[in-house]
Number of protein chains: 2
Amino acid sequence: MFNRELLKGSTSLVLLQLLNERDMYGYELVKELDKRSDHSLQVKEGTLYPALHKLEKQEYIEFYWQEQEKGPARKYYQITQEGREVLIEKTEEWQQFVNVMNKVIRRPKNDPVKD
Amino acid sequence: MFNRELLKGSTSLVLLQLLNERDMYGYELVKELDKRSDHSLQVKEGTLYPALHKLEKQEYIEFYWQEQEKGPARKYYQITQEGREVLIEKTEEWQQFVNVMNKVIRRPKNDPVKD
DNA sequence: GATAGATACCTTTTAATACTAGGTAGGTGA
DNA sequence: TCACCTACCTAGTATTAAAAGGTATCTATC
C-alpha cells in the first residue's frame, strides 16, 4: 500500500477509466481495482461511494438499478459523453504530471536546467 | 497547471529530492521547482513553508541561517541522513504507484487480467 | 437455527494537505 | 513615490481518502 495521499486527485480518473471499459457497480469497482493493482490500490467504500456520487452530480456518469435473482440489487454506473471527454483530459493531465515529476525527481547528469 | 490534488503526497518527495542535491532556502525551492517543471509545478508559499516545517519536525531536514550582504537573511535547509533514507523509500513508493496507475488506466489489448 | 462471511448499498466524522489571502521587512528601479 | 522583487511567515478554507459505523440479503457451516 502506498501513502494514501498519493491517490488523491487520481481516484476520479481511475473510476472513469474503468467505467469507460464497461458498466460496473460500486462493489465491483472496488474488487476490480484491487485485482488489477495486485492488491495495492484498495479503494475503500468510504472513498468510493462519495466519489461516485460526485461524478454523478457532475454528470460524468449515470446509473441504473438492476435487480438480481439472488442477492441485493446492483446500482450500475455508466459513463456519459461528457465523462468520456473529461477522461481524455484527466488522462493527459496525469501523463503530464508524471513527466514533470520524473523530470524533477530523476535528474540525469549532463542535463543541466536552462534558465 | 494540473489538478492541485495530484500533487498531494508528492510534495515532501520533491522537496527532499531537491535538498538531496544541494542546500536551498525556501524561496529558492519555489523558484527552482517552477523552473524545472516549465512553470507547471508552482508550489505556493502557503504550501511550502508548512511542508518544510513538518519535514523539520520529522528530522528529515535541518536549517541554518545565512546572512546576506544585501536583502533579507536566508534560511537554508539541509537534508539529514534519515531524510536521505526516507527519500529512497518515497521514491520507490512513487515508482510503484506510477506503475500501478499505468496498469489500471492504460489497458493494452491482449493483456487480460487474471483472477 | 444460529453464526459467520460474502455481497451490496450507504453516511458521518476525522485527518491530511494544497491553496487563498493575508502579514512583515528590506532592496531595486522608474 | 510607487511598484515590484526578495525572503520569511500564518490563519483559515476546501478537498478528499479513510475509518468506522449502519442496513439488508444470501450462503455455508456447525
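Only heavy atoms go into these numbers, but all of them, side chains included; no hydrogens, no water, no symmetry mates. A note on names: the letters A, B, ... follow the listed sequences, proteins ahead of strands, and every chain is numbered from 1.
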Distance in angstrom units between B:W65 CH2 and D:dC8 P, rounded: 7 Å

Ionic contact status for A:R22 with A:E32, cut-off 4.0 Å: yes

Euclidean distance, atom CG of residue B:L52 to atom P of D:dT10 [Å, nearest integer]: 11 Å

Short side-chain to backbone donor-acceptor contact, B:S37 and B:L33, under 3.5 Å: yes

For A:K75, the option from A:Y27, A:W65, A:Y64 that meets side chain to side chain contact (heavy atoms under 4.5 Å, CB included): A:W65

Atom of A:L6, atom of B:G9 and distance for their closest heavy-atom approach: CD2-O, 3.8 Å

Give every pair of a protein N or O atom and an N or O atom of nucleotides 21-28 of chain D that lie under 3.5 Å apart, one pair per line with the distance.
none

Gap between atoms OH and C1', on B:Y64 and D:dC8 respectively (whole Å): 17 Å

Whole-Å gap separating C1' (D:dA7) and CE (B:M24): 14 Å

Nucleotide D:dC5, atom C1' - distance to OH of B:Y25 in whole Å: 12 Å

Contact interval (first through last nucleotide) of DNA chain C with protein chain A, 4.0 Å heavy-atom: C:dT7 to C:dT17

Nucleotide D:dT6, atom C1' - distance to CG of B:L48 in whole Å: 14 Å

By side chain to side chain contact (heavy atoms under 4.5 Å, CB included) - contacts of A:E67 (at least two apart): A:A73

Sugar-phosphate, base or nothing in reach of A:G46, heavy atoms under 4.0 Å: base

5' priority, DNA chain C, between A:R74 and A:H53 [closest heavy atom]: A:R74

Nearest-0.5 Å distance, OG1 of residue B:T80 to OH of residue B:Y60: 8.5 Å

N/O (side chain, B:K75) to phosphate O (OP1/OP2, D:dC9) under 4.0 Å: yes

Rounded interatomic separation in angstrom, taking NZ from B:K54 and C1' from D:dC9: 19 Å

Side-chain N,O (B:K8) to OP1/OP2 (D:dT16) below 4.0 Å: no

Main-chain N/O of A:Y25 paired with A:E28 side-chain donor or acceptor, under 3.5 Å: yes

Whichever of B:A73 and A:L7 has its nearest DNA chain D nucleotide further upstream toward 5': B:A73

Electrostatic pair A:R84-A:E21, nearest N-O below 4.0 angstrom: no

B:S12 side chain reached by B:K90 side chain, heavy atoms, under 4.5 Å: yes

